[in-house]
Amino acid sequence: MPESSFGRNKRLLTARAYQAVFSDTCYKVAHPNLLLLAKPNGLCQPRLGLVVAKKNIRRSVDRNRVKRVVRETFRHSQSLLDSLDIVFLARQGMDRLTPREQTDLLENSWRRLSRKLQAEQ
RNA sequence: GGAGUUGGCCAGACAACCGCCGCUUUAAUUUCUCGCUAUCUCCGCAGGUGAUGGUGGGAGUGAGGGGGAGGAAAGUCCGGGCUCCAUAGGGCAGAGUGCCAGGUAACCCCUGGGGGGCGUGAGCCUACGGAAAGUGCAGCAGAGAGUAGACCGCCGAUGGCCGCAAUACGUUGUGGCACAGGUAAGGGUGAAAGGGUGCGGUAAGAGCGCACCGCGCAACUGGUAACAGUUUGUGGCACGGCAAACCCCACUCGGAGCAAGACCAAAUAGGGAUCCUUUGGCGUGGCCCGCGCUGGAUCCGGGUAGGUUGCUUGAGGUGUACGGUGACGUGCACCCUAGAGGAAUGGUUGUCCACGACAGAACCCGGCUUAUCGGCCAACUCCCUUU
């Protein structure tokens, strides 16, 4: 399995998996434009779930753009995030950033999450 | 060359690397799973559990090939297909449509035609049925707004009043007043003032009369029809506007939507039928019968999580021939062009140029509407210049 792939096994696929992260959050990264929730999953790889609500980002083009940036940066940063289930939630204003700013913000956020994880250990 | 009209087309390009989702070819048979089957093991009354091997299928993995958002994918405003539910037939209510003819699966769409309006023109716009079935509405202004009307103005023939003259004393002629009255020419108000122009006519006027124009009705002619007509006859002539006011007339219309609907179905709990069983155990009861609970197997029915399907081959494109003014139809040939599902169609770097708008499929089609950086092509119109 290459380090930078992003297949079906690295996503949260069921409502139950999402609920588990929501109700049993261990790590949290907050920003005015986004929120990351995470919890250890006991596997040997991280998994990602996305929540991008129409209420927060109106146009579907912008929603797709945000989801792509999140997935892409997760793909590159996943070596920092072993065995976590992570849920990304978009907040209002995310669509007003340029794609460049979104990418930078996400890469920072993954690093913050990774530091929290290491501090715990 | 400039300005414009109509119709159509494109939607940054190329390369490398890293990803995502279907399809397809192939490999290894290692991991997981299911079916059939053989051997062994353990528990048992009936029957089951586990391990190993063989075989077939599925998932997953590696490698290769090929495909992967739009002209509006949008708004969800119309019309269908498809699915389930309802449904004898008729009427009412409600909603929609509204010049005519055609196209279409259908339409509030499209095409052609007619009427009206705008533009020098190519062209564009048009809810464009009925107001002599009824009810109703019309602010302000204005004298008057639908059975017309007298503010200014005009007239004042006729009647009245006041002069003057004549007189046969009955009146007659003439001048004035604007009292009665007449008037729809002119002014003024208004979106709109009840045909227009001219001549005659009159006290002044007036379709009051006539001519022409216009209008209504009828006939005729042309046209499938809407409608048109240097046509004929007839009527002095309104029958005003609003029906996106009620209404009348004609025609159309069942409801819900792919989260429609169909199928498979674990674990746990639980329903029904048949058969088997140390012809067991427990409860009820003093005891027997009986009743209830408690085993095993097979089958049936409901059905949650989850999965599969519906799901992309279709009123389909492209080319061509023929028919038609055209929308479109028919024949033939070729092509297969996203199918996700916590939701793919992307990221990085480099090069180039006109430096890239609006914007993301969610069952599928036909339209309409709205958003949109720019560019290209064709036909046509007007103006200018040159030959």
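Just so you know, these numbers come straight off a predicted model, no measurement behind them. Chain letters run A, B, ... following the sequence lines, proteins first and then strands; every chain starts at 1.
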Answer syn or anti for [N], where the cut-off is 90° from 0 on the glycosidic torsion.
N: B/G139; value: anti
N: B/G62; value: anti
N: B/A371; value: anti
N: B/G22; value: syn
N: B/U312; value: syn

Within this structure, what is the [atom1]-to-[atom2] distance between [X] and [N], rounded to whole angstrom?
X: A/Arg71; N: B/G19; atom1: CZ; atom2: P; result: 16 Å
X: A/Glu72; N: B/A344; atom1: CD; atom2: C1'; result: 13 Å
X: A/His76; N: B/U349; atom1: NE2; atom2: P; result: 11 Å
X: A/Arg75; N: B/C18; atom1: CZ; atom2: P; result: 10 Å

Does [X] have any side-chain contact (heavy atoms from CB on, under 4.5 Å) partners at least two apart in sequence or in another chain, and if so, which?
X: A/Arg112; result: A/Val29, A/Arg115
X: A/Gln102; result: A/Arg65, A/Val66, A/Val69, A/Met94, A/Leu97
X: A/Arg11; result: A/Phe6, A/Leu13
X: A/Asn108; result: A/Arg111

Stretch residues 88-113 of chain A: residues that reach within less than 4.0 Å of RNA chain B through a heavy atom: none
RNA chain B contacts made by residues 59-67 of chain A, counting heavy atoms under 4.0 Å: A/Arg59, A/Ser60, A/Val61, A/Asn64, A/Arg65
All side-chain hydrogen bond (donor to acceptor under 3.5 Å, both in side chains) counterparts of A/Asn64, not counting sequence neighbours: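 With neighbours one apart ignored, the set is empty.
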Those residues that, when tested against A/Ser77, pass side-chain hydrogen bond (donor to acceptor under 3.5 Å, both in side chains) (two or more places apart): none
Expressed in whole Å, how much space separates the [atom1] atoms belonging to [N] and [M]?
N: B/C227; M: B/G116; atom1: P; answer: 11 Å
N: B/G47; M: B/U278; atom1: C1'; answer: 14 Å
N: B/G303; M: B/G261; atom1: P; answer: 14 Å
N: B/G130; M: B/G98; atom1: P; answer: 14 Å
N: B/A226; M: B/A141; atom1: P; answer: 48 Å
N: B/C152; M: B/C128; atom1: P; answer: 45 Å
N: B/A206; M: B/G198; atom1: P; answer: 11 Å
N: B/U5; M: B/C365; atom1: P; answer: 34 Å

Does any nucleotide pair with [N] by Watson-Crick or G-U wobble geometry, both distances under 3.5 Å, and what is it?
N: B/U202; result: none
N: B/A262; result: B/U308
N: B/G326; result: none
N: B/A378; result: B/U6
N: B/G295; result: B/C276

From CD1 (A/Ile86) to CH2 (A/Trp110), nearest 0.5 Å: 5.0 Å
Separation between CG of A/Leu105 and OG1 of A/Thr73, rounded to the nearest 0.5 Å: 9.0 Å
All pairs passing salt bridge (charged side-chain N to carboxylate O under 4.0 Å, His left out) where residues 84-104 of chain A contributes a residue, at least two apart: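 Those involving residues 84-104 of chain A are A/Arg47-A/Asp85, A/Arg100-A/Asp104.
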Touch class at under 4.0 angstrom, heavy-atom based, for A/Val51 against every strand present: base
Candidate pair A/Leu50 and A/Phe74, rule side chain to side chain contact (heavy atoms under 4.5 Å, CB included), full reasoning: CA-CA 11 Å; A/Leu50 300 170; A/Phe74 173 82; over 6 Å; no
A/Arg68 side chain near B/U345 phosphate (N/O to OP1/OP2, under 4.0 Å): yes
Closest non-hydrogen atom pair, A/Ile57 against A/Ala90: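 For A/Ile57 and A/Ala90, the tightest heavy-atom pair comes out as CD1-CB, 4.0 Å.
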